[in-house]
Amino acid sequence: MDGARFVRVTLRRAGLRRSFPPDFAARLEGKTVQALTRRGKYLVAPLSSGETLLMHLGMSGSFRLDIDAGSRRPGAGDEPGRHDHVVFRMSSGAIVTFNDPRRFGVMDLVRRGELNQYPALAGMGPEPLGPDFTAAALARACAGKRTPLKVALLDQQVVAGLGNIYASEALYRAGLSPRRRASTIATPTGLPREGAARLVAAIKQVLRDAIARKATAYRSARFRVYDRAGEPCRTRSCEGIIRRYSQAGRSTFSCPICQR
DNA sequence: ACCTCGACCTGCAAGC
DNA sequence: TGCTTGCAGGTCGAGG
């Protein structure tokens with residue numbers, strides 16, 4: 001998509017969780033993708049029109065790429081699947097198809113000047129792998145929060161882009177209980193306690209590992225606690241058994257012995 | 001201002 | 001085999 005022009009945009013239903021923006025296809029067709037970047041869990045594509053295309057995969061979204069569909073004759077095998085909701089035909093010859101069974105994904109179009117006011121992006125926390133995500137920053141964001149620490153990590157205003165799996169994984173590596181109050185990693189004035197530095201390091205480590213392993217499909221990844229309820233803790237000489245419980249409606253996994 | 005909960009969807013696995 | 005139930009990677013609005 002990067003550098004290519006939208007030749008034809010096909011919407012195969014009225015929307016995902018939300019309706020598509022008005023005249024969505026028409027506002028894309030003929031425009032060039034100037035860059036393809038990311039902020040938190042949003043894909044961000046500034047266009048030649050001055051608008052920016054925002055895309056989010058939700059829980060079950062994915063993109064399928066057919067890189068040189070243009071050089072082949074259209075034929076069998078090109079039929080759209082049941083949950084192929086948006087099809088982008090690009091000037092490069094590529095066809096990019098957005099598939100999302102649960103339709104929790106997002107496609108939106110915003111004027112560039114209004115990107116900062118876009119609700120999900122306004123006030124979004126620092127990028128976890130960026131220089132601004134420090135123990136001091138995390139402590140400041142958690143100070144005064146009575147929410148469990150794990151719930152705070154899922155709050156995109158605290159840190160951008162962490163999801164349910166890696167929140168559990170990071171807390172495990174940091175040796176911190178998901179049930180602690182978020183405020184316990186900070187002093188009353190919002191300065192970091194030692195847990196904050198460990199947690200920041202663990203978040204960065206967990207994400208770097210996942211990216212290095214190209215763990216795009218969560219099923220293919222090997223987690224230390226996520227989805228391992230009843231199995232032994234992997235920490236050397238720890239006798240703990242991984243527990244599963246619910247926090248803010250999401251499953252959490254942790255070792256009751258080595259996470260405090 | 002902050003927090004929890006249900007709603008939004010479909011698919012799949014387990015239990016009966 | 002076929003039904004029901006519960007659970008799934010994320011947000012967002014309503015209500016406490």
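Within every chain, numbering begins at 1; the chains are lettered A, B, ... in the order of the sequence lines, protein sequences first and strands thereafter.
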**Request:** Sort and list the pairs that fulfil ring-ring contact (aromatic ring centres under 6.0 Å, His included) and have at least one residue in residues 231-260 of chain A, not counting sequence neighbours.
**Result:** A:Y226-A:F253

**Request:** Not counting sequence neighbours, list each pair that qualifies as a ring-ring contact (aromatic ring centres under 6.0 Å, His included) and has a residue in residues 7-38 of chain A.
**Result:**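 For residues 7-38 of chain A, and leaving out neighbouring residues, the ring-ring contact (aromatic ring centres under 6.0 Å, His included) pairs sorted by first residue read A:F20-A:F24.
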
Measure all distances between protein nitrogen or oxygen atoms and nitrogen or oxygen atoms of nucleotides 11-14 of chain C, and list the pairs falling under 3.5 Å.
from: C:dT11; atom 1: OP1; to: A:H56; atom 2: NE2; distance (Å): 2.8
from: C:dT11; atom 1: OP2; to: A:K41; atom 2: NZ; distance (Å): 2.7
from: C:dT11; atom 1: O2; to: A:R17; atom 2: NH1; distance (Å): 2.9
from: C:dT11; atom 1: O2; to: A:R17; atom 2: NH2; distance (Å): 3.2
from: C:dC12; atom 1: O3'; to: A:R18; atom 2: NH2; distance (Å): 3.4

**Residues clustered with A:I257, ILVMFWY side-chain links under 4.5 angstrom** = none

**Complete:** Joining Ile, Leu, Val, Met, Phe, Trp and Tyr whenever any side-chain heavy atoms lie under 4.5 Å apart, the cluster holding A:L115 also takes in A:Y42, A:V44, A:L54, A:V106, A:V110, A:Y118, A:L121, A:M124

**Asked** Reading DNA chain C 5' to 3', what string of ( ), [ ], | and . shows its pairs, if Watson-Crick and G-U wobble pairs count only when both distances fall under 3.5 Å?
**Response** .|||||||.|||||||

Review item, side-chain donor-acceptor pairs of residues 3-18 of chain A, under 3.5 Å, at least two apart:
from: A:R8; atom 1: NH1; to: A:E29; atom 2: OE2; distance (Å): 3.0
from: A:R12; atom 1: NH1; to: A:G81; atom 2: O; distance (Å): 3.4
from: A:R12; atom 1: NH1; to: A:D84; atom 2: O; distance (Å): 2.8

Between the protein and nucleotides 1-5 of chain B, list the N/O to N/O atom pairs that are separated by less than 3.5 angstrom.
from: B:dC3; atom 1: OP1; to: A:R146; atom 2: N; distance (Å): 3.0
from: B:dC3; atom 1: OP1; to: A:T147; atom 2: N; distance (Å): 3.4
from: B:dC3; atom 1: OP1; to: A:T147; atom 2: OG1; distance (Å): 3.0
from: B:dC3; atom 1: O5'; to: A:T147; atom 2: OG1; distance (Å): 3.3

Output side-chain donor-acceptor pairs under 3.5 Å for residues 132-139 of chain A, partner residues at least two apart or in another chain, one line each.
from: A:T134; atom 1: OG1; to: A:A137; atom 2: N; distance (Å): 3.1

**Contacts of A:F98 that satisfy ring-ring contact (aromatic ring centres under 6.0 Å, His included) - sequence neighbours left out** = A:F63

**Request:** Taking ring-ring contact (aromatic ring centres under 6.0 Å, His included) as the test, write out the residues that go with A:Y172, two or more places apart.
**Result:**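 Testing A:Y172 for ring-ring contact (aromatic ring centres under 6.0 Å, His included), a comparison that skips the adjacent residues, returns none.
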
Write out a two-atom table: protein N or O, nucleotide N or O from nucleotides 3-6 of chain C, distance below 3.5 Å.
none

**Item:** Rounded distance in Å - CE (A:M59) to C1' (C:dC7)
**Value:** 9 Å

